[in-house]
*Asks:* 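Take this structure first; my questions come after.
Just so we're on the same page: letters track the sequence lines, and every chain starts at 1.
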2 protein chains.
Amino acid sequence: MNGYRVAVVGATGAVGTRMIEMLEQSSLPIANVKYLASKRSAGKILKFKEQEITVEELVPESFEEIDLALFSAGGGVSKKFAPEAVKRGAVVVDNTSAFRMDPEVPLVVPEVNENALYQHKGLIANPNCSTIQMVVALEPIRKAFGLKKVIVTTLQAVSGAGNRAIKELHDETEAVLNGEAYEPQILPVAGDKKHYQIAFNPLAQIDVFEDDGYTHEEWKMIHETKKIMEDENIQVTATCVRVPVAVAHSESVWFELEKNGATVSKLHDLLKRAPGVVLEDDPENQIYPQAVNAEGKKETFVGRVRPDQEQSNAFHLYCVSDNLLKGAAWNSVQIAERLHALDLLRVPK
Amino acid sequence: MNGYRVAVVGATGAVGTRMIEMLEQSSLPIANVKYLASKRSAGKILKFKEQEITVEELVPESFEEIDLALFSAGGGVSKKFAPEAVKRGAVVVDNTSAFRMDPEVPLVVPEVNENALYQHKGLIANPNCSTIQMVVALEPIRKAFGLKKVIVTTLQAVSGAGNRAIKELHDETEAVLNGEAYEPQILPVAGDKKHYQIAFNPLAQIDVFEDDGYTHEEWKMIHETKKIMEDENIQVTATCVRVPVAVAHSESVWFELEKNGATVSKLHDLLKRAPGVVLEDDPENQIYPQAVNAEGKKETFVGRVRPDQEQSNAFHLYCVSDNLLKGAAWNSVQIAERLHALDLLRVPK
């Protein structure tokens with residue numbers, strides 16, 4: 001074998017197409033790729049570098065002779081097919097929420113908890129997009145000063161809800177500009193009862209509501225952050241808002257540190273050296289992270305670092321990242337690269 | 001006299017035109033109105049109810065025979081002309097930041113600190129838009145449980161930067177949808193050095209940056225809140241973000257209470273009874289405040305009330321209000337109505 005046999009599940013989706021791009025750019029040795037999707041998308045032709053690949057219908061047997069399977073076709077698909085893949089010897093990196101909180105499954109952001117990969121049993125979960133960029137930004141600070149509490153408000157792009165949501169934002173925005181009627185059918189949550197206008201209208205709902213008044217997206221940010229940072233004592237609370245943006249999430253993060261002595265200058269130094277982080281923080285020259293600049297990039301862009309003026313050891317930052325790349329496709333491929341580098345890209349006996 | 005002689009300064013602007021609408025709907029007895037603006041806008045004809053009014057160029061003598069002057073033409077104009085108006089016997093309600101932090105000038109949101117009107121010396125300041133809706137939402141809670149700390153992230157509409165910013169959002173959005181180039185000239189801040197795309201791109205800058213890394217908009221939220229609530233001990237910190245929305249600001253507010261015993265149900269009861277507040281909080285039925293529903297309304301809409309799950313006495317809420325109405329024009333006219341009701345609509349000797 002001169003490379004891995006790789007399957008992409010959900011290859012035609014917003015994340016799936018980016019997974020293919022990330023694999024094309026990856027240093028991972030790849031022998032061949034297989035694109036899998038629902039029956040509806042089977043037969044479509046997608047490229048891998050110069051090669052044309054016909055999308056196949058996903059069945060359990062799809063994973064025979066596969067070493068690595070990247071899943072991004074919804075939680076239901078992962079629940080059903082990820083175990084089938086592992087059973088057949090494929091290592092699965094799953095981008096859905098199906099297994100994230102399973103204590104047997106590592107939930108990994110390589111910049112934060114790469115070591116958790118050593119515990120994998122064939123399945124590794126990719127965290128929620130909004131969580132990933134926040135922990136990438138906070139981890140260098142946590143390492144130096146400890147993290148006591150995080151309060152985050154997100155401004156999230158519609159592409160987190162898939163290609164249909166991007167199209168809805170586009171078509172609805174055109175309709176509003178032309179004074180025409182438009183009936184929303186996807187946002188805020190495709191599977192929920194009501195759909196609302198996103199064009200020129202933020203929606204304070206991402207994913208469905210839990211009984212406690214939090215949305216499931218907020219729940220994910222709270223619980224995934226603790227699992228990734230391996231510290232149940234970090235207090236996290238979140239408000240997640242969908243905004244009329246196609247790609248890249250923006251996040252306003254307030255955080256309280258355990259230790260004394262942090263300054264903006266020290267936090268800047270930590271962020272400048274941090275893996276996966278680009279510091280864009282120069283207020284005098286109006287430099288701060290922006291969605292349009294982050295789109296298509298793998299890094300998390302961090303700026304607006306400043307102290308809470310009335311609480312020592314509390315600060316703000318603002319981070320922006322491409323939700324389809326670091327928030328999904330790139331983090332998944334990056335996990336695969338790290339598995340390879342650590343000689344872990346195989347299902348343990 | 002069977003009514004007040006009213007001048008609107010900045011009558012052709014985004015807020016000025018709303019001030020006229022609010023005066024038209026007001027119970028305030030009005031004898032006549034005068035519309036004032038820069039030389040550039042003089043000669044334009046605007047309505048007051050059925051009447052056609054020619055906009056006049058603003059000069060100090062404009063305020064002869066005026067009882068009430070509503071200013072919304074920029075801080076420089078207010079600094080120069082508001083004292084001229086008061087000198088001539090007009091009570092000024094100023095919607096700019098020129099006098100807000102002047103200890104001699106009441107800064108008033110009628111639902112919160114109407115009593116401050118008794119101290120006026122001819123000039124009353126209207127607070128910043130983003131501050132007003134937050135204090136309207138928090139005041140009933142503060143009264144019952146005390147307020148220790150507030151951390152707010154705003155998602156603010158471009159109309160706060162005037163009619164030219166609304167046009168920029170519209171034209172730029174069309175250009176982006178059509179794949180055409182567009183050179184931003186207004187946002188984020190007309191008078192600042194650089195201008196950035198707002199279409200599909202949040203901008204974490206409203207007003208200019210202070211030396212401490214906060215924007216002036218954030219500074220206003222911090223300091224105006226303390227002044228309006230008449231309590232320097234309330235800790236307030238803010239991140240203000242401009243979003244691609246034409247009208248109505250949305251705010252994600254985390255707050256810590258002084259006293260024990262608050263519950264979502266108790267906060268709901270307080271908010272239901274609170275003046276100027278409409279509670280829209282029914283997650284099960286996907287009911288939460290939205291900009292498109294708040295536009296054109298005078299109230300502040302509040303929802304997403306829920307406890308911080310790891311800090312007793314800390315909660316979240318999400319509030320939305322029309323930044324041109326409660327955030328500016330309506331609050332100004334409401335101040336005038338309350339001055340009239342309290343027999344304070346005259347310059348004290």
*Asks:* Say whether, by atom type as modelled, one donor and one acceptor occur between the side chain of A:Tyr196 and the main chain of B:Gln290 under 3.5 angstrom.
*Replies:* no

*Asks:* Under 4.5 Å heavy-atom distance to chain A, tell me which part of B:Glu218 shows up: side chain, backbone, both or neither.
*Replies:* side chain

*Asks:* Quick one, B:Thr153 with A:Ile151, criterion side chain to side chain contact (heavy atoms under 4.5 Å, CB included). Give me CA distance, side-chain angles, the key distance, then yes/no.
*Replies:* CA-CA 10 Å; B:Thr153 295; A:Ile151 302 173; over 6 Å; no

*Asks:* With respect to chain A, which residue among B:Ala204, B:Pro202, B:Ser250, B:Ala291 yields the maximal number of heavy-atom pairs within a distance under 4.5 Å?
*Replies:* B:Ala204

*Asks:* List the atom of A:Asn201, the atom of B:Val245, and the distance in Å for their closest heavy-atom pair.
*Replies:* N-CG2, 4.0 Å

*Asks:* Which one, B:Pro244, B:Gly213, B:Ala199, B:Pro188, leads in non-hydrogen pairs under 4.5 Å with chain A?
*Replies:* B:Pro244

*Asks:* For chain A, which candidate among B:Glu174, B:His170, B:Glu284, B:Gln197 shows the most heavy-atom pairs at distances under 4.5 Å?
*Replies:* B:His170

*Asks:* Side chain from CB out, backbone as N, CA, C, O: work out which of these in B:Ile234 comes under 4.5 Å of a heavy atom of chain A, or both, or neither.
*Replies:* backbone

*Asks:* Around atom NZ of A:Lys297, are there more than 12 heavy atoms of other residues, nucleotides or ligands at under 6.0 Å?
*Replies:* yes

*Asks:* For the pair A:Glu251 and B:Thr239, evaluate side chain to side chain contact (heavy atoms under 4.5 Å, CB included) and give the outcome as yes or no after the intermediate values.
*Replies:* CA-CA 10 Å; A:Glu251 299 183 353; B:Thr239 300; over 6 Å; no

*Asks:* Could you go through B:Val241 and A:Tyr318, starting from their C-alpha distance and side-chain angles, then the distance that decides it, and tell me whether this counts as side chain to side chain contact (heavy atoms under 4.5 Å, CB included)?
*Replies:* CA-CA 10 Å; B:Val241 185; A:Tyr318 184 82; 3.8 Å; yes

*Asks:* Would you indicate whether the side-chain heavy atoms of A:Trp254 and B:Thr237 approach each other to under 4.5 Å?
*Replies:* yes

*Asks:* Is the count of non-hydrogen atoms from other residues, nucleotides or ligands lying under 6.0 Å from B:Lys148 atom NZ greater than 12?
*Replies:* no

*Asks:* Tell me whether A:Lys149 contacts the main-chain N or O of B:Glu310 through its side chain, where contact means a donor paired with an acceptor under 3.5 Å.
*Replies:* no

*Asks:* Indicate whether the side chain of B:Arg304 and that of A:Thr215 have a donor and an acceptor atom separated by less than 3.5 Å.
*Replies:* no

*Asks:* Is A:Glu210 close to B:Pro283 at the side-chain level, that is, under 4.5 Å between some pair of heavy atoms?
*Replies:* no

*Asks:* State the CG-NZ distance between A:Asn285 and B:Lys193, to the nearest 0.5 angstrom.
*Replies:* 6.0 Å

*Asks:* Please step through side chain to side chain contact (heavy atoms under 4.5 Å, CB included) for the pair A:Thr173 and B:Phe200, ending with a clear verdict.
*Replies:* CA-CA 10 Å; A:Thr173 302; B:Phe200 307 108; 3.9 Å; yes

*Asks:* Check each atom of B:Phe209 against the heavy atoms of chain A and say whether the ones under 4.5 Å are side chain, backbone, both or neither.
*Replies:* side chain

*Asks:* Counting only N and O atoms by type, is there a donor-acceptor contact under 3.5 Å from the side chain of A:Tyr214 to the main-chain atoms of B:Pro307?
*Replies:* yes

*Asks:* Given heavy-atom pairs under 4.5 angstrom as the criterion, report whether the side chain, backbone, both or neither of B:Val292 touches chain A.
*Replies:* both

*Asks:* Heavy-atom cut-off 4.5 Å, strictly under: side chain, backbone, both or neither for B:Asp192 against chain A?
*Replies:* both

*Asks:* Any luck finding a side-chain donor-acceptor pair between B:Gln205 and A:Tyr288 under 3.5 Å?
*Replies:* yes

*Asks:* Could you tell me which portion of B:Ala238 (side chain, backbone, both or neither) has an atom closer than 4.5 angstrom to a non-hydrogen atom of chain A?
*Replies:* backbone

*Asks:* Specify which of B:Gln235, B:Glu295, B:Gln311 makes the most heavy-atom pairs with chain A at under 4.5 Å.
*Replies:* B:Gln235

*Asks:* Using non-hydrogen atoms and a 4.5 Å limit, figure out which bit of B:Leu177 sits close to chain A: side chain, backbone, both or neither.
*Replies:* both

*Asks:* In terms of heavy-atom proximity below 4.5 Å to chain A, should B:Asp212 be classed as side chain, backbone, both, or neither?
*Replies:* both

*Asks:* How about CD on A:Glu180, more than 12 heavy atoms from neighbouring residues, nucleotides or ligands closer than 6.0 Å, or not?
*Replies:* yes

*Asks:* Please determine whether the number of non-hydrogen atoms from other residues, nucleotides or ligands lying under 6.0 Å from atom NZ of A:Lys194 exceeds 12.
*Replies:* yes

